[in-house]
Student: 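Please read through the structure below; I'll follow up with questions.
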2 protein chains.
Amino acid sequence: MIIMFSKACEYSIKAVIYLATRSEQNQRARLPEIAEAIGSPEAFTAKILQELARKKLLISVKGPKGGFELNGDADEISLYKIVEIMDGDSLFHGCALGFKKCSDVHPCPVHNKFKAIRDHLTGVLLTTSIKEAAGTVDEGQSFLTSLK
Amino acid sequence: MIIMFSKACEYSIKAVIYLATRSEQNQRARLPEIAEAIGSPEAFTAKILQELARKKLLISVKGPKGGFELNGDADEISLYKIVEIMDGDSLFHGCALGFKKCSDVHPCPVHNKFKAIRDHLTGVLLTTSIKEAAGTVDEGQSFLTSLK
DNA sequence: ATAAAAAAGGACAATTTTATCCGAATTAAG
DNA sequence: CTTAATTCGGATAAAATTGTCCTTTTTTAT
Ligand code: SF4
Ligand code: SF4
(Lines give C-alpha, C1' and ligand atoms only; values in the text may rest on other atoms or scores of the structure.)
(Ligands and ions follow the chains in the order given, each with its own letter.)
Protein backbone atom coordinates (compact mmCIF):
# COMPACT_ATOMS: atom_id res chain seq x y z
CA MET A 1 0.00 0.00 0.00
CA ILE A 2 1.07 3.56 -0.44
CA ILE A 3 2.03 4.69 2.97
CA MET A 4 3.53 8.02 3.50
CA PHE A 5 4.28 7.56 7.16
CA SER A 6 4.41 4.73 9.63
CA LYS A 7 2.04 4.92 12.57
CA ALA A 8 4.96 5.91 14.77
CA CYS A 9 5.74 8.81 12.47
CA GLU A 10 2.11 9.75 12.08
CA TYR A 11 1.56 9.93 15.84
CA SER A 12 4.81 11.83 16.24
CA ILE A 13 3.78 14.48 13.79
CA LYS A 14 0.37 14.90 15.33
CA ALA A 15 1.71 14.91 18.88
CA VAL A 16 4.33 17.53 18.14
CA ILE A 17 1.83 19.70 16.31
CA TYR A 18 -0.49 19.35 19.28
CA LEU A 19 2.23 20.46 21.65
CA ALA A 20 2.89 23.40 19.38
CA THR A 21 -0.72 24.50 19.68
CA ARG A 22 -0.15 24.84 23.41
CA SER A 23 3.33 26.25 23.43
CA GLU A 24 2.15 29.84 23.43
CA GLN A 25 0.85 29.22 26.92
CA ASN A 26 4.03 27.30 27.58
CA GLN A 27 1.80 24.59 28.84
CA ARG A 28 3.09 21.12 29.23
CA ALA A 29 0.80 18.35 28.22
CA ARG A 30 0.70 14.96 29.83
CA LEU A 31 0.55 11.69 27.98
CA PRO A 32 -3.15 10.92 28.43
CA GLU A 33 -4.06 14.38 27.21
CA ILE A 34 -1.83 14.11 24.16
CA ALA A 35 -3.06 10.67 23.19
CA GLU A 36 -6.61 11.84 23.61
CA ALA A 37 -6.02 14.96 21.52
CA ILE A 38 -4.53 13.12 18.59
CA GLY A 39 -6.56 9.93 18.87
CA SER A 40 -3.68 7.55 19.39
CA PRO A 41 -3.20 4.52 21.65
CA GLU A 42 -1.78 5.78 24.90
CA ALA A 43 0.90 3.18 25.63
CA PHE A 44 2.25 3.26 22.12
CA THR A 45 2.25 7.02 22.16
CA ALA A 46 4.28 6.91 25.36
CA LYS A 47 7.04 5.03 23.56
CA ILE A 48 7.03 7.56 20.79
CA LEU A 49 7.17 10.56 23.09
CA GLN A 50 10.03 8.92 24.94
CA GLU A 51 11.89 8.55 21.69
CA LEU A 52 11.25 12.15 20.72
CA ALA A 53 12.48 13.25 24.13
CA ARG A 54 15.60 11.10 23.87
CA LYS A 55 16.32 12.74 20.54
CA LYS A 56 15.94 16.18 22.13
CA LEU A 57 12.98 17.27 20.11
CA LEU A 58 10.85 17.30 23.24
CA ILE A 59 11.58 17.86 26.87
CA SER A 60 9.98 15.43 29.26
CA VAL A 61 9.40 16.19 32.90
CA LYS A 62 8.55 13.53 35.42
CA GLY A 63 6.39 13.83 38.47
CA PRO A 64 3.35 15.93 39.31
CA LYS A 65 2.82 18.80 36.88
CA GLY A 66 5.21 17.01 34.58
CA GLY A 67 4.59 16.12 30.99
CA PHE A 68 6.02 16.90 27.59
CA GLU A 69 6.84 20.17 25.95
CA LEU A 70 8.65 21.33 22.86
CA ASN A 71 12.39 21.72 23.09
CA GLY A 72 12.83 24.92 21.15
CA ASP A 73 10.76 27.22 19.02
CA ALA A 74 7.84 25.85 17.09
CA ASP A 75 8.88 27.79 14.03
CA GLU A 76 12.27 26.18 14.01
CA ILE A 77 11.04 22.61 14.04
CA SER A 78 10.21 21.29 10.61
CA LEU A 79 8.11 18.29 9.80
CA TYR A 80 11.24 16.93 8.16
CA LYS A 81 12.99 16.90 11.51
CA ILE A 82 10.30 14.75 13.04
CA VAL A 83 10.30 12.27 10.21
CA GLU A 84 14.07 12.18 10.25
CA ILE A 85 14.11 11.43 13.96
CA MET A 86 11.59 8.65 13.72
CA ASP A 87 13.12 6.93 10.73
CA GLY A 88 16.70 8.05 10.35
CA ASP A 89 18.04 10.15 7.54
CA SER A 90 18.38 7.37 5.02
CA LEU A 91 14.70 7.79 4.44
CA PHE A 92 14.70 10.36 1.78
CA HIS A 93 17.40 8.46 0.01
CA GLY A 94 15.46 5.22 0.22
CA CYS A 95 13.88 3.80 -2.87
CA ALA A 96 10.29 3.13 -3.83
CA LEU A 97 11.45 0.20 -5.91
CA GLY A 98 13.88 -1.20 -3.38
CA PHE A 99 17.09 -0.17 -5.05
CA LYS A 100 20.10 -0.03 -2.80
CA LYS A 101 20.81 3.41 -4.11
CA CYS A 102 18.93 5.94 -6.19
CA SER A 103 21.35 7.04 -8.84
CA ASP A 104 21.18 9.10 -11.98
CA VAL A 105 23.64 6.80 -13.69
CA HIS A 106 21.80 3.58 -12.81
CA PRO A 107 18.19 4.73 -12.66
CA CYS A 108 14.99 2.77 -12.31
CA PRO A 109 12.43 2.99 -15.12
CA VAL A 110 10.53 5.82 -13.45
CA HIS A 111 13.49 7.64 -12.02
CA ASN A 112 12.74 11.18 -13.08
CA LYS A 113 9.08 11.04 -12.25
CA PHE A 114 9.56 9.42 -8.86
CA LYS A 115 12.44 11.65 -8.02
CA ALA A 116 10.24 14.66 -8.66
CA ILE A 117 7.64 13.32 -6.26
CA ARG A 118 10.19 12.60 -3.61
CA ASP A 119 11.69 16.04 -3.99
CA HIS A 120 8.22 17.51 -3.76
CA LEU A 121 7.57 15.64 -0.52
CA THR A 122 10.98 16.47 0.89
CA GLY A 123 10.49 20.12 0.09
CA VAL A 124 7.15 20.26 1.83
CA LEU A 125 8.50 18.56 4.93
CA LEU A 126 11.56 20.80 5.03
CA THR A 127 9.67 24.03 4.62
CA THR A 128 6.68 23.36 6.83
CA SER A 129 7.27 24.28 10.43
CA ILE A 130 5.12 22.87 13.14
CA LYS A 131 4.27 26.43 14.08
CA GLU A 132 2.70 26.88 10.70
CA ALA A 133 0.84 23.60 11.02
CA ALA A 134 -0.28 24.35 14.56
CA GLY A 135 -1.46 27.78 13.52
CA THR A 136 -4.27 26.45 11.39
CA VAL A 137 -5.33 24.17 14.21
CA ASP A 138 -5.44 27.08 16.64
CA GLU A 139 -7.62 29.03 14.25
CA GLY A 140 -10.02 26.12 13.94
CA GLN A 141 -9.17 25.74 10.26
CA SER A 142 -7.71 22.31 10.64
CA PHE A 143 -7.85 19.33 12.95
CA LEU A 144 -5.71 16.68 14.53
CA THR A 145 -8.32 13.95 14.58
CA SER A 146 -10.64 12.58 11.99
CA LEU A 147 -14.38 12.80 12.09
CA LYS A 148 -15.67 9.43 13.24
CA MET B 1 9.25 5.32 7.47
CA ILE B 2 8.23 6.84 4.25
CA ILE B 3 7.22 3.96 2.13
CA MET B 4 5.80 4.52 -1.23
CA PHE B 5 5.04 0.91 -1.99
CA SER B 6 4.86 -2.35 -0.13
CA LYS B 7 7.21 -5.09 -1.22
CA ALA B 8 4.29 -6.83 -2.88
CA CYS B 9 3.57 -3.73 -4.89
CA GLU B 10 7.21 -3.07 -5.64
CA TYR B 11 7.74 -6.58 -7.02
CA SER B 12 4.50 -6.33 -8.97
CA ILE B 13 5.57 -3.16 -10.68
CA LYS B 14 8.98 -4.52 -11.55
CA ALA B 15 7.62 -7.87 -12.71
CA VAL B 16 5.04 -6.29 -14.98
CA ILE B 17 7.56 -3.89 -16.42
CA TYR B 18 9.88 -6.82 -17.02
CA LEU B 19 7.15 -8.70 -18.87
CA ALA B 20 6.54 -5.60 -20.94
CA THR B 21 10.15 -5.58 -22.04
CA ARG B 22 9.56 -8.99 -23.53
CA SER B 23 6.08 -8.53 -24.91
CA GLU B 24 7.28 -7.38 -28.29
CA GLN B 25 8.57 -10.87 -28.83
CA ASN B 26 5.36 -12.13 -27.26
CA GLN B 27 7.58 -14.15 -25.05
CA ARG B 28 6.27 -15.64 -21.92
CA ALA B 29 8.52 -15.61 -18.94
CA ARG B 30 8.60 -18.22 -16.25
CA LEU B 31 8.71 -17.53 -12.56
CA PRO B 32 12.41 -18.23 -11.96
CA GLU B 33 13.35 -15.97 -14.82
CA ILE B 34 11.14 -13.15 -13.61
CA ALA B 35 12.33 -13.36 -10.04
CA GLU B 36 15.90 -13.42 -11.26
CA ALA B 37 15.34 -10.44 -13.53
CA ILE B 38 13.85 -8.24 -10.86
CA GLY B 39 15.85 -9.54 -7.93
CA SER B 40 12.93 -10.77 -5.85
CA PRO B 41 12.41 -13.86 -3.69
CA GLU B 42 10.99 -16.54 -5.94
CA ALA B 43 8.28 -18.02 -3.73
CA PHE B 44 6.95 -14.67 -2.69
CA THR B 45 6.99 -13.50 -6.27
CA ALA B 46 4.95 -16.55 -7.21
CA LYS B 47 2.18 -15.42 -4.89
CA ILE B 48 2.21 -11.99 -6.39
CA LEU B 49 2.10 -13.20 -9.97
CA GLN B 50 -0.79 -15.47 -9.04
CA GLU B 51 -2.64 -12.48 -7.68
CA LEU B 52 -1.94 -10.40 -10.76
CA ALA B 53 -3.18 -13.27 -12.93
CA ARG B 54 -6.33 -13.68 -10.85
CA LYS B 55 -7.01 -10.01 -11.33
CA LYS B 56 -6.61 -10.42 -15.10
CA LEU B 57 -3.62 -8.17 -15.44
CA LEU B 58 -1.50 -11.13 -16.46
CA ILE B 59 -2.23 -14.40 -18.18
CA SER B 60 -0.69 -17.45 -16.63
CA VAL B 61 -0.12 -20.66 -18.53
CA LYS B 62 0.67 -23.91 -16.80
CA GLY B 63 2.79 -26.73 -18.07
CA PRO B 64 5.90 -26.88 -20.23
CA LYS B 65 6.51 -23.67 -22.15
CA GLY B 66 4.10 -22.02 -19.79
CA GLY B 67 4.71 -18.90 -17.76
CA PHE B 68 3.31 -15.43 -17.43
CA GLU B 69 2.52 -12.81 -20.01
CA LEU B 70 0.73 -9.51 -20.14
CA ASN B 71 -3.00 -9.57 -20.63
CA GLY B 72 -3.40 -6.70 -23.03
CA ASP B 73 -1.26 -3.97 -24.52
CA ALA B 74 1.64 -2.60 -22.55
CA ASP B 75 0.64 0.92 -23.43
CA GLU B 76 -2.78 0.47 -21.92
CA ILE B 77 -1.60 -0.71 -18.54
CA SER B 78 -0.75 2.11 -16.18
CA LEU B 79 1.31 1.88 -13.05
CA TYR B 80 -1.83 3.03 -11.28
CA LYS B 81 -3.60 -0.14 -12.35
CA ILE B 82 -0.94 -2.30 -10.76
CA VAL B 83 -0.95 -0.42 -7.50
CA GLU B 84 -4.73 -0.45 -7.47
CA ILE B 85 -4.79 -4.21 -7.92
CA MET B 86 -2.30 -4.91 -5.20
CA ASP B 87 -3.81 -2.61 -2.64
CA GLY B 88 -7.37 -1.85 -3.56
CA ASP B 89 -8.67 1.49 -4.68
CA SER B 90 -9.01 3.03 -1.25
CA LEU B 91 -5.31 3.70 -1.47
CA PHE B 92 -5.30 7.03 -3.09
CA HIS B 93 -8.02 8.12 -0.74
CA GLY B 94 -6.08 6.91 2.31
CA CYS B 95 -4.52 9.38 4.64
CA ALA B 96 -0.93 10.05 5.62
CA LEU B 97 -2.11 11.10 9.04
CA GLY B 98 -4.56 8.27 9.53
CA PHE B 99 -7.76 10.23 9.07
CA LYS B 100 -10.77 8.16 8.19
CA LYS B 101 -11.43 10.51 5.36
CA CYS B 102 -9.52 13.28 3.65
CA SER B 103 -11.91 16.15 3.43
CA ASP B 104 -11.69 19.80 2.49
CA VAL B 105 -14.17 20.70 5.21
CA HIS B 106 -12.35 18.80 7.99
CA PRO B 107 -8.74 19.01 6.87
CA CYS B 108 -5.56 18.02 8.66
CA PRO B 109 -2.97 20.73 9.35
CA VAL B 110 -1.08 20.02 6.15
CA HIS B 111 -4.03 19.28 3.94
CA ASN B 112 -3.25 21.40 0.92
CA LYS B 113 0.42 20.53 0.81
CA PHE B 114 -0.10 16.81 1.28
CA LYS B 115 -2.98 16.74 -1.13
CA ALA B 116 -0.74 18.27 -3.78
CA ILE B 117 1.83 15.56 -3.23
CA ARG B 118 -0.74 12.82 -3.40
CA ASP B 119 -2.21 14.29 -6.57
CA HIS B 120 1.28 14.48 -8.00
CA LEU B 121 1.88 10.82 -7.24
CA THR B 122 -1.53 9.78 -8.51
CA GLY B 123 -0.98 11.70 -11.71
CA VAL B 124 2.35 10.07 -12.36
CA LEU B 125 0.96 6.60 -11.76
CA LEU B 126 -2.08 7.24 -13.94
CA THR B 127 -0.15 8.65 -16.86
CA THR B 128 2.82 6.31 -16.89
CA SER B 129 2.21 3.20 -18.94
CA ILE B 130 4.33 0.16 -18.45
CA LYS B 131 5.23 0.39 -22.11
CA GLU B 132 6.82 3.74 -21.46
CA ALA B 133 8.64 2.37 -18.44
CA ALA B 134 9.73 -0.76 -20.27
CA GLY B 135 10.98 1.32 -23.19
CA THR B 136 13.77 2.87 -21.22
CA VAL B 137 14.79 -0.53 -19.94
CA ASP B 138 14.91 -1.90 -23.47
CA GLU B 139 17.12 0.96 -24.53
CA GLY B 140 19.48 0.31 -21.67
CA GLN B 141 18.67 3.67 -20.13
CA SER B 142 17.15 2.24 -17.00
CA PHE B 143 17.26 -0.92 -14.94
CA LEU B 144 15.08 -3.24 -12.95
CA THR B 145 17.65 -4.18 -10.36
CA SER B 146 19.97 -2.20 -8.22
CA LEU B 147 23.71 -2.26 -8.43
CA LYS B 148 24.97 -4.34 -5.54
C1' DA C 1 -0.70 -42.86 -22.17
C1' DT C 2 3.21 -41.14 -19.99
C1' DA C 3 6.41 -38.05 -18.24
C1' DA C 4 8.03 -33.66 -17.43
C1' DA C 5 7.27 -28.75 -16.80
C1' DA C 6 5.13 -25.32 -15.01
C1' DA C 7 1.71 -22.55 -12.12
C1' DA C 8 -1.75 -22.97 -8.10
C1' DG C 9 -2.70 -23.30 -3.51
C1' DG C 10 -2.37 -24.26 1.30
C1' DA C 11 0.19 -24.44 5.43
C1' DC C 12 3.54 -22.52 7.86
C1' DA C 13 7.69 -19.55 9.47
C1' DA C 14 10.22 -15.20 10.11
C1' DT C 15 10.26 -10.45 10.56
C1' DT C 16 8.60 -5.99 11.40
C1' DT C 17 5.32 -2.99 13.11
C1' DT C 18 2.00 -1.84 16.28
C1' DA C 19 0.36 -2.16 20.74
C1' DT C 20 -0.25 -3.34 25.84
C1' DC C 21 1.14 -3.97 30.65
C1' DC C 22 3.51 -3.30 34.72
C1' DG C 23 7.09 -2.24 37.97
C1' DA C 24 10.92 1.20 38.66
C1' DA C 25 12.65 5.72 38.84
C1' DT C 26 11.99 10.59 39.37
C1' DT C 27 9.93 14.67 40.87
C1' DA C 28 6.80 18.02 43.06
C1' DA C 29 4.01 19.26 46.84
C1' DG C 30 2.47 19.13 51.43
C1' DC D 1 9.73 12.49 54.81
C1' DT D 2 5.82 10.82 52.64
C1' DT D 3 2.74 10.54 49.06
C1' DA D 4 0.99 11.02 44.68
C1' DA D 5 1.79 12.05 39.88
C1' DT D 6 4.19 11.31 36.20
C1' DT D 7 7.62 9.51 32.75
C1' DC D 8 10.90 5.47 31.83
C1' DG D 9 12.11 0.98 30.54
C1' DG D 10 11.66 -3.81 29.89
C1' DA D 11 8.90 -7.70 28.77
C1' DT D 12 5.53 -9.28 26.14
C1' DA D 13 1.63 -9.74 22.87
C1' DA D 14 -1.01 -9.05 18.66
C1' DA D 15 -1.23 -8.01 13.93
C1' DA D 16 0.47 -7.27 9.46
C1' DT D 17 3.82 -8.09 6.09
C1' DT D 18 7.13 -10.77 3.98
C1' DG D 19 8.89 -15.04 2.97
C1' DT D 20 9.38 -20.43 2.44
C1' DC D 21 8.03 -25.20 1.48
C1' DC D 22 5.54 -28.82 -0.29
C1' DT D 23 1.73 -31.07 -2.62
C1' DT D 24 -1.73 -30.77 -6.27
C1' DT D 25 -3.32 -29.52 -10.72
C1' DT D 26 -2.88 -28.44 -15.41
C1' DT D 27 -0.66 -28.63 -19.72
C1' DT D 28 2.65 -29.73 -23.25
C1' DA D 29 5.56 -32.84 -25.69
C1' DT D 30 6.93 -37.34 -26.70
S1 SF4 E 1 13.65 7.16 -8.59
FE2 SF4 E 1 13.67 4.97 -8.91
S3 SF4 E 1 15.67 4.32 -8.18
FE4 SF4 E 1 15.34 6.38 -7.38
S5 SF4 E 1 14.40 6.05 -5.40
FE6 SF4 E 1 12.73 6.29 -6.77
S7 SF4 E 1 12.23 4.22 -7.41
FE8 SF4 E 1 14.24 4.10 -6.48
S1 SF4 F 1 -4.23 15.90 3.30
FE2 SF4 F 1 -4.25 15.50 5.50
S3 SF4 F 1 -6.27 14.61 5.83
FE4 SF4 F 1 -5.93 14.52 3.65
S5 SF4 F 1 -5.03 12.53 3.32
FE6 SF4 F 1 -3.32 13.89 3.57
S7 SF4 F 1 -2.85 13.79 5.71
FE8 SF4 F 1 -4.86 12.91 5.51
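The structure presented is a predicted model; accordingly, all values stated were derived computationally and were not measured. Worth knowing before you read on, the calculation uses all heavy atoms, side chains too, and leaves out hydrogens, waters and symmetry mates. Letters A, B, ... are given to chains in the order of the sequence lines, protein chains preceding strands, and every chain is numbered from 1.
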Student: Take atom CD1 of A/Ile38 and atom P of C/dA19, then tell me their distance rounded to the nearest Å.
Tutor: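 Interatomic distance, CD1 of A/Ile38 to P of C/dA19: 11 Å.
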
Student: Rounded to the nearest 0.5 Å, what's the gap from OG on A/Ser12 to CG on A/Leu58? Could you check?
Tutor: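 Nearest 0.5 Å value for the OG-CG distance: 8.5 Å.
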
Student: Could you state the atom-to-atom distance from CG of B/Leu31 to C1' of D/dG19 in whole Å?
Tutor: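 Whole-Å distance recorded here is 13 Å.
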
Student: Could you give the CD-to-P distance, from A/Glu33 to D/dT7, as a whole number of Å?
Tutor: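 After rounding, the reported distance stands at 10 Å.
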
Student: So, B/Lys113 and A/Thr128: side-chain donor and acceptor under 3.5 Å apart, yes or no?
Tutor: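 Yes, side-chain donor-acceptor contact under 3.5 Å.
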
Student: Which whole-number value in Å describes the distance from B/Phe5 CZ to D/dT17 C1'?
Tutor: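 Roughly 17 Å, once rounded to whole Å.
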
Student: At a heavy-atom distance below 4.0 Å, what parts of residues 53-67 of chain B sit against DNA chain D?
Tutor: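 Contacting residues: B/Lys62, B/Gly63, B/Pro64.
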
Student: Is there a donor-acceptor pair closer than 3.5 Å between any side-chain N or O of B/His120 and the backbone N or O of A/Arg118?
Tutor: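 No, because the side chain of B/His120 does not come within donor-acceptor range (under 3.5 Å) of the backbone of A/Arg118.
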
Student: Run the numbers on A/Phe114 and B/Phe5 for ring-ring contact (aromatic ring centres under 6.0 Å, His included), then give the verdict.
Tutor: CA-CA 12 Å; A/Phe114 277 10; B/Phe5 305 110; 5.8 Å; yes

Student: Round to the nearest Å and state the distance from B/Glu10 atom CD to D/dT18 atom P.
Tutor: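 Distance check: B/Glu10 CD to D/dT18 P gives 9 Å.
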
Student: Figure out the CD/P separation between B/Glu69 and C/dA7, and round it to whole Å.
Tutor: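 From B/Glu69 CD to C/dA7 P: 12 Å.
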
Student: Nearest whole Å is fine: how far is C/dA5 C1' from B/Arg28 CZ?
Tutor: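 Distance check: B/Arg28 CZ to C/dA5 C1' gives 13 Å.
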
Student: Is B/Lys14 reaching over with its side chain to a backbone N or O of A/Leu97, donor-acceptor style, under 3.5 angstrom?
Tutor: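 Yes.
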
Student: If you round to the nearest 0.5 Å, how far is CG of A/Leu19 from CG of A/Asn71?
Tutor: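 A/Asn71 atom CG to A/Leu19 atom CG measures 11.5 Å (nearest 0.5 Å).
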
Student: Quick test of your reading: applying salt bridge (charged side-chain N to carboxylate O under 4.0 Å, His left out), list the pairs with at least one residue in residues 45-56 of chain B, sequence neighbours left out, ordered by first then second residue.
Tutor: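 The answer is B/Glu51-B/Arg54, B/Glu51-B/Lys55.
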
Student: Which nucleotide in the list D/dC21, D/dT7, C/dC21 gets nearest to the side chain of B/Ala43?
Tutor: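 Looking only at heavy atoms from C-beta outward on B/Ala43, the closest nucleotide is D/dC21.
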
Student: Given C/dA19, is OP1 or OP2 found less than 4.0 Å from the side-chain N or O atoms of A/Tyr11?
Tutor: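 Result: yes.
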
Student: Just how far, in rounded Å, is P of C/dA8 from CZ of B/Arg30?
Tutor: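 B/Arg30 atom CZ is separated from C/dA8 atom P by 14 Å.
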
Student: Closest heavy-atom contact between A/Pro109 and B/Leu144?
Tutor: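 Shortest heavy-atom separation between A/Pro109 and B/Leu144 comes out as CG-CD2, 3.8 Å.
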
Student: Looking only at non-hydrogen atoms, find the nearest pair between A/Ile38 and A/Thr145 and report the distance.
Tutor: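 Nearest heavy atoms, A/Ile38 then A/Thr145: C-CG2, 3.4 Å.
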
Student: For DNA chain C, determine which residues of residues 44-52 of chain B have any heavy atom closer than 4.0 angstrom to one of its atoms, and list them numerically.
Tutor: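 Here the set is B/Lys47, B/Gln50.
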
